[in-house]
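Letters go in sequence order (proteins before strands), and every chain restarts at 1.
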2 protein chains.
Amino acid sequence: MTDATPLDAEQLAAYFALKEVGSLLEHAVEQQLRVDGGLSGPQFQILARLAGSPRGHLRMTDLADGLVYSRSALTYQAAQLENAGLITRAPAEDDERSTVVTLTPGGRERLGKVMPGHIEVVQRLLFDTLTRDDIAAITDILGRVRDRMRTVPPRSAAPRRSTGARKPAD
Amino acid sequence: MTDATPLDAEQLAAYFALKEVGSLLEHAVEQQLRVDGGLSGPQFQILARLAGSPRGHLRMTDLADGLVYSRSALTYQAAQLENAGLITRAPAEDDERSTVVTLTPGGRERLGKVMPGHIEVVQRLLFDTLTRDDIAAITDILGRVRDRMRTVPPRSAAPRRSTGARKPAD
DNA sequence: TATTGTTATACTCTATAACTATA
DNA sequence: TATAGTTATAGAGTATAACAATA
């Protein structure tokens, strides 16, 4: 049990680099979004996806796909955005169970207000350091990883219920 | 500030891939840590850094360096770990202001209990998809990005002791 | 019965600012 | 005065489970 082949030094380096860059970037971006437009990361993501959709509206389920959060978390964020007047929610016409989320003009405006700073941060933090080749490499490699992650079973198959001594966290 | 050159398609693809992989990986890892050992991501990070240090102890300041969180967040997590018996805290001998954090045997054990699963997840999610060349490329590219991120002044420009403040204020 | 979404609840985590104490 | 760390507070975000409504 204790002898799962450890990650070698190069894997570790790659893993840590990925983790750190992801964290720092996320942190910087979230701060910018909050300062420039009072948006959290998840909220920005929702608005951006709506703006990127053909008619500026998507169902909750569409929004949920590809998000890391739970349904209730999405509902919570949608409520925040609705209260702020940035989106509207209405039952779908073809399927009354569904909720159609629509970007309001105010939402679009907010997005426009925040995007320049967003782009600036990502430019400065990420792309100022990268050549075109770097970018291509990252896209290729991480794109593959992402596709794989979306496919791989979420680790219920791992037979790891060994010790049985569930330490009470006290 | 209204005319920031937008990111081109390739930059966007790279940015999204990075963001998504980072999120998915973090999410999967945190779930594993919680299930296998009742640890949160930050808690695991603290334990791991202590285990990786020469004598299994570091000052709070050492732990704070390189972390994205605030000092109070670190204090909170340290308190959690101390209550769980995984670390101890004691004033430093040479400088009574400092707190020395030490990994307990229990903490080391907990880490050992969690590591196999951790490694397994990272292996399966990340490295099963990557060639040695991929890994080298990621380490090189993201390593450079990370170094740069650590250097670049934060956007909201706190007064820095060094010269070269890029933008006085927003 | 299955799917879509919301709500109620409880919890974890975080940041800010005020505070203590040492240097 | 500056540094190391803690605490008090207050808020944001999340997951789980129960729930309602529609298919």
Side-chain angles (χ1 to χ4, degrees), chain A residues 23-24 26-35 37-46 57-65 67-84 87-102 154 169-170, chain B residues 23-24 26-35 37-46 57-84 87-102 154 156 158-161:
Chain A
S23 285
L24 288 169
E26 182 188 6
H27 205 255
V29 163
E30 295 210 334
Q31 172 157 351
Q32 178 268 321
L33 292 173
R34 184 131 31 224
V35 169
L39 293 175
S40 69
Q43 287 161 10
F44 171 74
Q45 228 180 327
I46 292 173
H57 61 79
L58 293 170
R59 292 174 308 156
M60 291 292 281
T61 296
D62 302 326
L63 283 173
D65 288 347
L67 281 194
V68 207
Y69 309 102
S70 64
R71 282 201 183 303
S72 73
L74 176 58
T75 296
Y76 170 79
Q77 294 298 351
Q80 302 307 304
L81 291 172
E82 190 174 41
N83 290 340
I87 64 168
T88 58
R89 283 185 289 180
E93 294 178 357
D94 56 323
D95 185 340
E96 296 253 332
R97 291 173 305 182
S98 294
T99 297
V100 173
V101 180
T102 306
D170 195 17
Chain B
S23 285
L24 288 170
E26 182 188 7
H27 205 253
V29 162
E30 294 210 333
Q31 172 156 350
Q32 179 268 320
L33 291 173
R34 184 130 32 221
V35 169
L39 294 175
S40 70
Q43 286 161 10
F44 172 75
Q45 228 180 326
I46 292 172
H57 61 79
L58 292 170
R59 293 174 308 156
M60 292 292 281
T61 295
D62 301 327
L63 283 173
D65 288 347
L67 281 194
V68 205
Y69 309 101
S70 62
R71 271 192 300 284
S72 73
L74 176 57
T75 296
Y76 170 79
Q77 294 297 351
Q80 302 307 304
L81 292 172
E82 189 174 42
N83 290 340
I87 63 168
T88 58
R89 283 185 289 180
E93 294 178 357
D94 55 321
D95 185 341
E96 297 253 330
R97 291 174 305 181
S98 293
T99 296
V100 172
V101 180
T102 306
S156 48
R160 297 180 64 77
R161 32 179 174 271

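At a threshold of 4.0 angstrom between heavy atoms, the contacts of Q43(A) are confined to the sugar-phosphate backbone, with no base atom among them. At the heavy-atom level, S98(B) lies under 4.0 Å from the strands shown only through sugar-phosphate atoms.
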Could I get a table of every N or O pair under 3.5 Å where one atom is in the protein and the other is in nucleotides 18-23 of chain D?
residue	atom	partner	partner atom	Å
dA23(D)	OP1	E96(A)	N	3.1

Nucleotides 14-16 of chain D: which of its N/O atoms have a protein N/O under 3.5 Å away?
residue	atom	partner	partner atom	Å
dT14(D)	OP2	Q77(A)	NE2	3.0
dA15(D)	OP2	S70(A)	N	2.9
dA15(D)	OP2	S70(A)	OG	2.6
dA15(D)	N7	S72(A)	OG	2.9
dT16(D)	O4	S72(A)	OG	2.9

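Rounding to whole angstrom units, CD of residue Q80(B) and P of dT6(D) are separated by 13 Å. Summarising the geometry, the separation between CE on M60(B) and C1' on dT7(D) is reported as 12 Å, rounded to the nearest angstrom. Atom CD1 of I46(A) and atom P of dG13(D) are 10 Å apart (whole Å).
The distance from the OG1 atom of T61(B) to the CZ atom of R71(B) is 7.5 Å, given to the nearest 0.5 Å. Separating the CD atom in Q80(B) from the CG atom in L39(B) is a distance of 11.5 Å, to the nearest 0.5 Å. Residue E82(A) holds its CD atom at 10.0 Å from OG1 of T102(A), rounded to the nearest 0.5 Å. The distance from the CG atom of L67(B) to the CG atom of D62(B) is 11.0 Å, given to the nearest 0.5 Å. Here the CE atom belonging to M60(B) is positioned 15.0 Å from the CZ atom belonging to R97(B), to the nearest 0.5 angstrom.
By the ring pair (Phe, Tyr, Trp, His ring centres under 6.0 Å) test, Y76(A) is found to be paired with no residue, residues two or more places apart in sequence or in another chain being considered. For E30(A), there are no salt bridge (charged side-chain N to carboxylate O under 4.0 Å, His left out) partners, not counting sequence neighbours. The side-chain contact (heavy atoms from CB on, under 4.5 Å) check on S40(B) picks up R34(B), P42(B), Q43(B), Q77(B), with sequence neighbours excluded.
The environment of R89(A) atom CZ is dense: over 12 non-hydrogen atoms of other residues, nucleotides or ligands sit within 6.0 angstrom.
Comparing G41(A) and R89(B) against DNA chain D, the residue whose closest nucleotide sits nearer the 5' end is R89(B).
On the nucleic acid side, DNA chain C contacts chain A at distances under 4.0 Å to non-hydrogen atoms, with the end points of that region at dT3(C) to dA15(C).
Heavy-atom minimum distance, I87(A) versus A78(A): CD1-O, 3.4 Å.
A sub-4.0 Å separation between OP1 or OP2 of dG13(D) and a side-chain N or O of S40(A) is present.
At a threshold of 4.5 Å between non-hydrogen side-chain atoms, the residues I46(B) and L74(B) count as touching.
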